2 protein chains.
Amino acid sequence: MSHQSQVTRDQLVAAATRVFADHGFKSATIRQISHLAGANVASVNYHFGDKEALYQEVLKQSFDYVMTRHSSGTERTGASTGALDLRAFVEAMLRPLFGDEADLDGLHGRVLAREVIEPAPAMESWLRSLIEKQACVLDGIVRDLVGQQVDDQTVRLCGMSIMGQILFYSPCRAVAARFYPELPAGAIGVELLADHITRFSVEALQRFTGPAPRASGFEGRGDSEEAETAVHLL
Amino acid sequence: MSHQSQVTRDQLVAAATRVFADHGFKSATIRQISHLAGANVASVNYHFGDKEALYQEVLKQSFDYVMTRHSSGTERTGASTGALDLRAFVEAMLRPLFGDEADLDGLHGRVLAREVIEPAPAMESWLRSLIEKQACVLDGIVRDLVGQQVDDQTVRLCGMSIMGQILFYSPCRAVAARFYPELPAGAIGVELLADHITRFSVEALQRFTGPAPRASGFEGRGDSEEAETAVHLL
DNA sequence: ACATGATTGAAACAGTCATTTAAAATATAA
DNA sequence: TTATATTTTAAATGACTGTTTCAATCATGT
């Protein structure tokens, strides 16, 4: 493998990362990628075999990038409070989803987020293991905050509430501006967002101590039929 | 317009709703749709002009369906507590996102959710107005729960936290099972989910009374550097 | 410098896509 | 029924897709 070969290979991966992040696997075209990389259309098939193999390579590199760059932030800090653990976790998950177009963090994060939300061909085992590991870490953080009286299913639901708040800004960062157009997009920094999500979640979790779900202020009369039919489950 | 013409038109819309909900605008093909409708490939272009016009029709009908069927649930109940308002809102937003393949609620909801999260060609003004209206309703509900001392931006962030928890289950319903595989998918009913999201959010919002963000339990020492760099913003 | 293998480039391939065409079939109106 | 308009059908069109082919080019080791 010559030197120039490695260069074009890298350029192809870089271009593919951007195109896949922007359009997804199916909508991205080899011609877009090769043109952006300044290479021939046949180069993808020569260097990687086919489109899907290139995608797997992009997925793998994005995975490695996020792991080495940010995943350390999701390790338990151990001695600190659960709130700080959560704060670090949220920011570590959130940061790759942001960053401008040129930012590597944003690109890699968007590729992974797209794959997680709508798995295109086949999710690789290492990506699945990453997700499960993160979910496990989050479980632990939540457990620290809610205490031991809460059952496992509730802990998982709380984890999903947190992940929902985070992933809301992934492929759907545009949706935030759509829901709240008057709120300038650039003004929502990662830190501000991480602060809010952490605070929102900590406030909620610190009251999830009791397993009795009806002890939380639903004493009003049920006007809406939807509310009436289901509020007994609370 | 003959009677049979109207029949095939309706069948095309019905088939298109399903295919668009499953694959999105770009990936859905006219051949899929017309075959599912038992019509010719040219029928779409004859009855609607082109693929995008058919998509607009599907969007419009899904919009009307959700509006008449569920949007009443998002009206303020007025006299009841904010928590019940939130519970009704959450379930009204959540229900269309669920339901099995044959369920009309699920189909229409998924079409709209797909469009909101990743707007395909151009979001129509009535859809935009629906979103803004819903956001406004949610703002009001949140405002009722947090009180008047909280600034508008925080109210909006709280609204997005709630929407994040809801939309987490939209195209990404699979992601829940992915994060927590041992949790049987069917076991998470709409009511259970709505109960949890409502409880989680109410617990959080009821503590968002004070505008001072640092009064909420971040007194631990900062181990993680990410936490350290940003915790001063709290 | 030369020969050999690795890499690139332009073109062509087969497949699918949305869309168009025009003839056939059907419904509607007289 | 007959004439007219509407609707359906099969086939073709042109633009895209991923992939292949093969000659030209380049790099590398002798």
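Protein chains get the first letters and strands the later ones, always in sequence-line order, with residue 1 at the start of each. The structure displayed is predicted, hence computed values, not measured ones.
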Practice prompt. Give a yes/no answer on whether the side chain of Ser43(A) brings an N or O atom under 4.0 Å of OP1 or OP2 in dT7(C).
Written response: no

Worksheet item: Does dA6(C) have OP1 or OP2 sitting under 4.0 Å from an N or O in the side chain of His47(A)?
Response: no

Worksheet, complete the sentence: B/S/- along nucleotides 10-21 of chain D (protein heavy atoms under 4.0 Å) is B------BBBBB

Could you give the [atom1]-to-[atom2] distance, from [X] to [N], as a whole number of Å?
X        : N       : atom1 : atom2 : answer
Arg9(B)  : dT8(D)  : CZ    : P     : 11 Å
Gln6(B)  : dT7(D)  : CD    : P     : 10 Å
Asp10(A) : dT7(C)  : CG    : C1'   : 15 Å
His23(B) : dT16(C) : NE2   : C1'   : 15 Å

Test side chain to side chain donor-acceptor pair (under 3.5 Å) applied to [X] - qualifying residues, sequence neighbours left out:
X        : value
Thr17(B) : none
His23(A) : Gln32(A)
Asp10(A) : Gln6(A)
Gln11(A) : none

Fill in: Residues in salt bridge (charged side-chain N to carboxylate O under 4.0 Å, His left out) contact with Asp50(A), at least two apart in sequence or another chain
none

Fill in: Lys NZ or Arg CZ of Lys60(B) over Tyr55(B) ring: under 6.0 Å, within 45°
no

